[in-house]
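Numbering of ligands and ligand atoms starts at 1, following listing order.
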Amino acid sequence: MTKCILATGGAGYIGSHVVTELLDAGYRVVILDNFENSDPDVVRRIKRITGRNVSLVTGDVRDRGTVERVLRMYNVDAVIHLAGKKAVGESVADPMLYFGDNLNGAISLLTAMKGAGVSRLVFSSSATVYGIPKTLPVTESARVSVTNPYGRTKLIIEEMIDDLIASDPTFAAISLRYFNPVGAHETALIGENPRGIPNNLFPFVAQTAAGERDRVQVFGGDYDTPDGTGMRDYIHVVDLAKGHVAAIRRMMSENETGQHRRINLGTGTGYTVLQVIEAFSKACGFPIPYAIVPRRAGDAAASVADPSYAKQCLGWRATFGLDRMCQDQWAFNSRVQAAEKMPPSRTRPNGKMAEYSPLPQPPLVAPDRLHH
Ligand code: WQD
């Protein structure tokens, strides 16, 4: 029987790429998403990319009854937990929002998994748990030291998983610590299009290239890095997604019972802000305006992963370089911009309304209409 994976937050930026790679790898997939920070049309685009169906439940991971019903109804074998808030700055401004959303979501999911007898979990964690790294590259045994409420929720959830496994050794989990996910699917049908002013570098550079922002503000030019600007380990979101498939494959094939592994997902190569801007200029074909301004509070000078444990444990490593990350991000932003400019024309040249025929949609099974 084909294994079934529940992807909470599966319509989001990371989630949509993870679901696409799971489907391409032959898994059955159910998405649970409340569309608070994602677009329902992404589900249609995932089907268009993969040619496969994906089940969708519109609901909230914090609703334990819904989660348990979904786990049982779809006979879920493992869960990839991606649903949650992820903006560092927002978490500093409103920590209780982050504790409420991210921690309650994890408590609800883990409780529902226990109730439904689903014992395999891949958790979307973050390199933010390392805070400002003391030594580089960062290994999984590096000291954790959270510097913001968002990172604290990731660390607390990892530790919740530890305690759950200590109480119930039939459970197993892999927490994937993402470095800096960027880029988009090669079809440009899915990618990151944040609402409002982007916090992160890549979407901001892309929107500046698209003419939606005047210039990139480079936060700090006096760090101890090759050109004085901040260095990060950018990883193509498709490489990141394939890392999730490798983690699921490991959980399904090996006797992981009682294990909770933390695994870095990064490339092992760092790039500075100015190198990103230069690579993006090459991808879009014209220079991108920027200005060097004072540092952003809380930023590390450099953060680069040691990816060797992911290779050893999952047989996975990143394959895409910075140029491909920029090319795919630019292609995605260009498609979105073109689509936004396109009037929603459903009229044929003869002026008659076109019959709007969306892809065949599976029934959107809202939680209250789930049937046992
Ligand atoms: C990258 C570099 C900035 C914006 C955060 C979260 C992390 C993860 C990824 C969720 C830094 C510089 C940025 C800009 C700039 N998110 N920069 N101008 O801070 O490394 O990580 O996003 O999991 O948890 O902490 O990513 O893209 O914000 O910054 O100069 O407008 O770009 O100083 O050196 P960061 P980022």
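The nearest heavy-atom contact from the protein to atom 20 (O) of ligand 1 is R232 NE, 2.6 Å. At the shortest separation from atom 12 (C) of ligand 1 among protein heavy atoms lies V273 CG2, 3.7 Å. At the shortest separation from atom 7 (C) of ligand 1 among protein heavy atoms lies T128 OG1, 3.3 Å. N180 ND2, 3.1 Å is the protein heavy atom nearest to atom 26 (O) of ligand 1.
Between L322 and C326 there is a side-chain heavy-atom pair separated by less than 4.5 Å. Looking only at side-chain heavy atoms (C-beta outward), Y74 and V57 come within less than 4.5 Å of each other.
Close approach of ligand 1 to N199 (heavy-atom distance below 4.0 Å) involves ligand atoms 4 (C), 28 (O). For ligand 1 and Q217, the ligand atoms under 4.0 Å from any heavy atom of the residue are 14 (C), 15 (C), 18 (N), 30 (O), 31 (O). Near V218, the atoms of ligand 1 lying under 4.0 angstrom from a non-hydrogen atom of the residue are 30 (O). The atoms of ligand 1 that sit less than 4.0 Å from any heavy atom of D299 are 3 (C), 33 (O). Taking every non-hydrogen atom of G230 and a distance limit under 4.0 Å, the qualifying atoms of ligand 1 come out as 34 (O).
One finds no salt bridge joining K154 and E158 here, because no Lys/Arg side-chain nitrogen approaches an Asp/Glu carboxylate oxygen to under 4.0 Å. Ion pairing between D162 and R262 holds under the 4.0 Å rule for side-chain N and carboxylate O. Here R249 does not pair with E256 in a salt bridge; the nearest charged N to carboxylate O distance is not below 4.0 Å. Taking a cutoff of 4.0 Å between a charged side-chain nitrogen and a carboxylate oxygen, D239 and R317 do not qualify as a salt bridge.
When V88, L274, T208 are checked for heavy-atom proximity to atom 6 (C) of ligand 1, V88 turns out nearest. Across the listed options F219, Y234, Y290, F219 owns the non-hydrogen atom lying nearest to atom 17 (N) of ligand 1.
Between Y178 and H244, the two ring planes are perpendicular [angle over 60°; tilted spans 30° to 60°]. Ring-plane geometry between F280 and F202 is classed as perpendicular, the angle between the planes exceeding 60 degrees on a 0 to 90 degree scale with a lower cut at 30. Taking the six-membered ring where tryptophan is involved, the planes of Y98 and Y150 are perpendicular, since the angle between them exceeds 60° and thus also 30°.
Residue contact annotation: Y271 has no non-hydrogen atom under 4.0 Å from ligand 1. Taking a 4.0 Å cut-off on heavy atoms, Y150 registers as neighbouring ligand 1.
In V216, neither the side chain nor the backbone holds a heavy atom less than 4.0 Å from any atom of ligand 1. The proximity of R295 to ligand 1, defined as any non-hydrogen pair under 4.0 Å, does not occur for either the backbone or the side chain. When non-hydrogen atoms are compared, ligand 1 lies under 4.0 Å from the backbone of N200 as well as from its side chain. For L201, heavy-atom contacts with ligand 1 shorter than 4.0 Å involve the backbone as well as the side chain. Contacts between Y13 and ligand 1 below 4.0 angstrom, taking non-hydrogen atoms only, are absent altogether. Contacts of F202 with ligand 1, taken as heavy-atom pairs under 4.0 Å, are absent altogether.
Distance alone, capped at 3.5 Å, places no donor-acceptor pair between the R213 side chain and the Q207 backbone. Remark: the backbone N or O of H17 is not paired with any side-chain donor or acceptor of H185 at under 3.5 angstrom. Judged purely by atom type and a 3.5 angstrom limit, Q329 uses its side chain to pair as donor or acceptor with the backbone of G183.
The shortest N/O to N/O separation between F179 and ligand 1 does not fall below 3.5 Å. Residue R296 has at least one nitrogen or oxygen atom sitting less than 3.5 Å from a nitrogen or oxygen atom of ligand 1, judged on distance alone.
Under a cutoff of 6.0 Å and an axis angle of 45°, R232 and Y271 do not form a cation-pi pair.
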